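Model, not experiment: these values are computed from the prediction. Read the numbers this way: they start at 1 and go in the same order the structure lists the ligands and their atoms.
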Amino acid sequence: MDNKVIDPWKGTEIKDYKRIMAEFGIEDMSKLVDQLPVKNPYFFRGVIFGHKDFKVILDAVKNKKPFVMMTGLMPSGRFHIGHKIIADLMVYFQELGAECYICVADIESYLTRNISLEEGRNVAIEEYLLNYIASGLKPSKTRFYFQSEGSKNYMNLSKFIAGRTTFNELKAIYGDLTPQKIVSAFTQVADILHPQLKENGGPKPVVVPVGVDQLPHLNLCRDIAGRMREYKFVSPSAIFTKLIPGLKGIHTKMSSSDPDSAIFLTDDERTVENKIKKYAFSGGQASLEEHRKKGGNPDVDVSFQYLKLLFEPDDKKLDKIYNDYKSGKLLTSELKEILIEKINKFLKIHRANREKAKKMLDKFIIKN
Ligand code: TRP
């Protein structure tokens, strides 16, 4: 297949982010981070590496204008520490004033993964929504909805989109097409645009945080938004997040279907400890003597990467760990201990928050 095509349903592996950025017109986030009104490590540590039109969002924040953060989830699999980024970003943008739209992609998972609407609903609530609420999502600024249950105008929008594109355009964007993929794509375009419908307060900036695999949908959406002149849509902005690597190496995937590759937010203390000790790929040397002499390589060490990307927000502390590991002062077992302690401390609080979240579910699930 044409290597210019990213397949959002296959999870294309991205090796060269620089090339993808150049090829698909993604701007470098590092040029904008100084303008963030509230600092956030995800923007500084390379987790959010690129964007499209993020300046529009920064301007809305600065001028205290309404804006939306829009995201969608595939209701399949268990919630792991990689999913935590999106949860934290929801809370971050809400604090900056955003209203948060969260879409359960139950139509998409029904069509492309054979998941029944009922199963999708349960997974979305038990695995995703509970963890989002436990992370600090506010009900007053959240609209949590299912693709199968959106409003009439949302449903119509997802169909009217068909009149603003062509089969050739879709083929150029997605490569191989099926009816299921086309309906999923149109539904996602409607997801991203509908916060700007009149019933939702009209045109306004919308930011969509996504992995690069979702880029085709975003490009299609931005093109179609411009063609639906009568709606006066503001072209949606996007920020792009890198995938968190799996336990077994920085070039492996963290996958819900392989428990040895992932730390789940429901893992208990022992499980976290065992997984990290047993599976987390180490950049250390084979023997203690060699490690003391040559030092470790934090850049390929998964435990260090988790601290950097997710669990150690303090730059000074992180730098010290980096330097100590590199010089051989800090051993692999000690580095792993630091990470285990950090994760278990976080999970202890998160577990308690999850229990509280169970009592709050009603505040988030809108009955139509
Ligand atoms: N396709 C997305 C995924 O596979 C889910 C999704 C549906 C979505 N609608 C969305 C993501 C709107 C962002 C915005 O995860």
Tabulated below should be the N or O atoms of ligand 1 paired with protein N or O atoms at under 3.5 Å; can you produce that?
residue: ligand 1; atom: 1 (N); partner: Glu108; partner atom: OE1; Å: 2.8
residue: ligand 1; atom: 1 (N); partner: Glu108; partner atom: OE2; Å: 3.3
residue: ligand 1; atom: 1 (N); partner: Gln188; partner atom: OE1; Å: 2.7
residue: ligand 1; atom: 1 (N); partner: Gln214; partner atom: OE1; Å: 3.0
residue: ligand 1; atom: 4 (O); partner: Gln214; partner atom: NE2; Å: 3.4
residue: ligand 1; atom: 9 (N); partner: Asp191; partner atom: OD2; Å: 2.8

### Task
Answer yes or no on whether Lys84 is positioned over the face of Phe346, meaning its NZ or CZ is under 6.0 Å from the six-membered ring centre and within 45° of the axis.
yes

### Task
Identify whether the distance between the nearest side-chain nitrogen and carboxylate oxygen of Asp299 and Lys308 falls below 4.0 Å.
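So Asp299 does not pair with Lys308 through a salt bridge.
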
### Message
Between Phe49 and Tyr17, is the ring pair (Phe, Tyr, Trp, His ring centres under 6.0 Å) condition met? List the steps.
### Response
CA-CA 9 Å; Phe49 66 94; Tyr17 280 95; 4.7 Å; yes

### Summary
Heavy-atom nearest pair, Phe43 first then Met29, reads CE2-CE, 3.6 Å

#### Entry: Tyr154 atom OH, over 12 foreign heavy atoms within 6.0 Å
yes

### Task
Determine whether Val208 and Lys52 make a side-chain contact, defined as any pair of heavy atoms from C-beta on separated by less than 4.5 Å.
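No. Closest side-chain heavy atoms not under 4.5 Å.
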
